[in-house]
Enquirer: 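Below are the structure tokens for one structure; questions will follow.
Just so we're clear, the structure is a prediction, and the values are computed from it rather than from any experiment. Residue numbering restarts at 1 for every chain, and letters A, B, ... go by the order of the sequence lines.
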Amino acid sequence: EAGVVQSPRYKIIEKKQPVAFWCNPISGHNTLYWYRQNLGQGPELLIRYENEEAVDDSQLPKDRFSAERLKGVDSTLKIQPAELGDSAVYLCASSGFSPGTGIFGYTFGSGTRLTVV
Amino acid sequence: DAKTTQPPSMDCAEGRAANLPCNHSTISGNEYVYWYRQIHSQGPQYIIHGLKNNETNEMASLIITEDRKSSTLILPHATLRDTAVYYCIVVNDYKLSFGAGTTVTVRA
């Protein structure tokens, strides 16, 4: 079973520039999450999707962050314009039942490490 | 959301069992306890989860107290590759809320 795929793995941009992260969840997982992880801290939820609907975006800084999940599969998280404080690891996760085991689980991707200079 | 409390760090000798405690005194009856770990520069990795009963898989064992207010993750024979940050999470409404976790260092 393929895992959650994220790209790019690393991104360095200058402040005020836009940046986008892409996530492909596990096939069949209807729920998709974006988390942000600052250095030395646990991940913090930014947004949660049920299929194509954002059901929890209360922690998403809407002035500069946006996300979409067209067709309820892949998702993109965008920051425009980026600020120095946005430097962090952005993690995507999906949840659902495993086709092989039938067990419900949450699976994370490897993340995108963003550095804003 | 139910909060969890974990010690910030602990050391363990290679080959010995590592017992990681977690307090979740405000857990509700239908909330699961999940354990994840995160090795440097990787995404969180699932270890085990449980509701009421003790659970065991190929990675670890999970012991949940009868009142469900605390749990212990047991790594039976720690290896150097088990060095990571371990997160105890109470899942509420399909949302994982991470705390700071426990940094476990396995020493040779």
Side-chain angles (χ1 to χ4, degrees), chain A residues 1-7 9-10 21 23-26 29-51 53-60 88-98 101 103-115, chain B residues 1-10 20 22-24 30-53 55-60 62 73 81 83-105:
Chain A
E1 173 179 277
V4 175
V5 180
Q6 290 188 247
S7 68
R9 188 77 174 86
Y10 302 93
F21 315 122
C23 173
N24 179 243
I26 289 177
H29 280 193
N30 296 328
T31 308
L32 183 146
Y33 311 76
W34 282 102
Y35 283 82
R36 176 172 60 187
Q37 186 171 25
N38 293 313
L39 189 63
Q41 299 180 20
E44 297 173 315
L45 180 68
L46 291 175
I47 189 168
R48 172 165 68 104
Y49 280 93
E50 291 290 344
N51 299 304
E53 181 184 358
V55 296
D56 183 356
D57 63 355
S58 58
Q59 300 303 311
L60 189 72
V89 175
Y90 291 84
L91 293 161
C92 179
S94 68
S95 65
F97 290 95
S98 169
T101 65
I103 297 175
F104 186 89
Y106 304 80
T107 304
F108 285 80
S110 297
T112 296
R113 181 176 296 276
L114 173 68
T115 301
Chain B
D1 295 351
K3 302 297 183 185
T4 61
T5 303
Q6 299 178 253
S9 63
M10 64 182 298
L20 284 64
C22 178
N23 287 324
H24 31 78
N30 60 348
E31 292 177 327
Y32 283 77
V33 178
Y34 276 73
W35 282 83
Y36 278 76
R37 72 180 183 184
Q38 190 171 25
I39 298 171
H40 184 61
S41 297
Q42 297 182 21
Q45 175 192 21
Y46 168 79
I47 301 173
I48 199 168
H49 74 282
L51 182 63
K52 298 179 181 178
N53 301 321
E55 303 288 345
T56 296
N57 62 21
E58 64 278 5
M59 291 182 68
L62 175 61
L73 178 74
R81 288 180 293 181
T83 293
V85 179
Y86 287 76
Y87 296 100
C88 168
I89 303 163
V90 172
V91 178
N92 176 269
D93 190 25
Y94 298 100
K95 184 169 70 174
L96 276 70
S97 299
F98 290 79
T102 296
T103 299
V104 174
T105 303

Enquirer: State the CG-OH distance between D56(A) and Y94(B), to the nearest 0.5 angstrom.
Expert: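 The distance works out to 14.5 Å.
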Enquirer: Do I103(A) and H49(B) have side chains that approach each other closer than 4.5 Å (heavy atoms only, starting at C-beta)?
Expert: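 When only atoms from C-beta onward are counted, H49(B) and I103(A) do touch, with a gap below 4.5 Å.
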Enquirer: Check each atom of Q45(B) against the heavy atoms of chain A and say whether the ones under 4.5 Å are side chain, backbone, both or neither.
Expert: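 Q45(B) has no heavy atom closer than 4.5 Å to chain A.
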Enquirer: With a 4.5 angstrom heavy-atom cut-off, which part of Y35(A) approaches chain B: side chain, backbone, both or neither?
Expert: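 Only the side chain of Y35(A) comes within 4.5 Å of chain B.
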Enquirer: Does the side chain of F108(A) reach to within under 4.5 Å of the side chain of L96(B), using non-hydrogen atoms?
Expert: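 Sidechains of L96(B) and F108(A): in contact.
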Enquirer: If I compare all heavy atoms of P44(B) with all of L91(A), which pair ends up nearest, and what's the gap?
Expert: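 Closest heavy-atom pair between P44(B) and L91(A): CD-CD1, 3.9 Å.
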Enquirer: Would you please test F98(B) and Y33(A) for ring-ring contact (aromatic ring centres under 6.0 Å, His included) and show each step?
Expert: CA-CA 13 Å; F98(B) 290 79; Y33(A) 311 76; over 10 Å; no
Enquirer: Can you tell me which portion of V91(B) sits under 4.5 Å from chain A's heavy atoms? Options are side chain, backbone, both or neither.
Expert: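 For V91(B), the contact with chain A is made by the side chain alone.
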Enquirer: Looking only at non-hydrogen atoms, find the nearest pair between Q41(A) and Y87(B) and report the distance.
Expert: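 For Q41(A) and Y87(B), the tightest heavy-atom pair comes out as O-OH, 3.8 Å.
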Enquirer: At a heavy-atom distance under 4.5 Å, which candidate from C92(A), S95(A), P43(A) has the highest pair count against chain B?
Expert: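 Winner by heavy-atom pair count: P43(A).
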Enquirer: Quick check on Q37(A) against chain B: is it the side chain, the backbone, both or neither that has a heavy atom closer than 4.5 Å?
Expert: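 For Q37(A), the contact with chain B is made by the side chain alone.
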Enquirer: Do you know which two heavy atoms are closest between R9(A) and S41(B), and how far apart they sit?
Expert: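 Scanning both residues completely, I find the closest heavy atoms to be NH2-O, 2.5 Å.
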Enquirer: For side-chain contact (heavy atoms from CB on, under 4.5 Å), just list the numbers for Y106(A) and Y46(B), CA-CA rounded to whole Å, side-chain angles, deciding distance to a tenth of an Å, and then say yes or no.
Expert: CA-CA 7 Å; Y106(A) 304 80; Y46(B) 168 79; over 6 Å; no
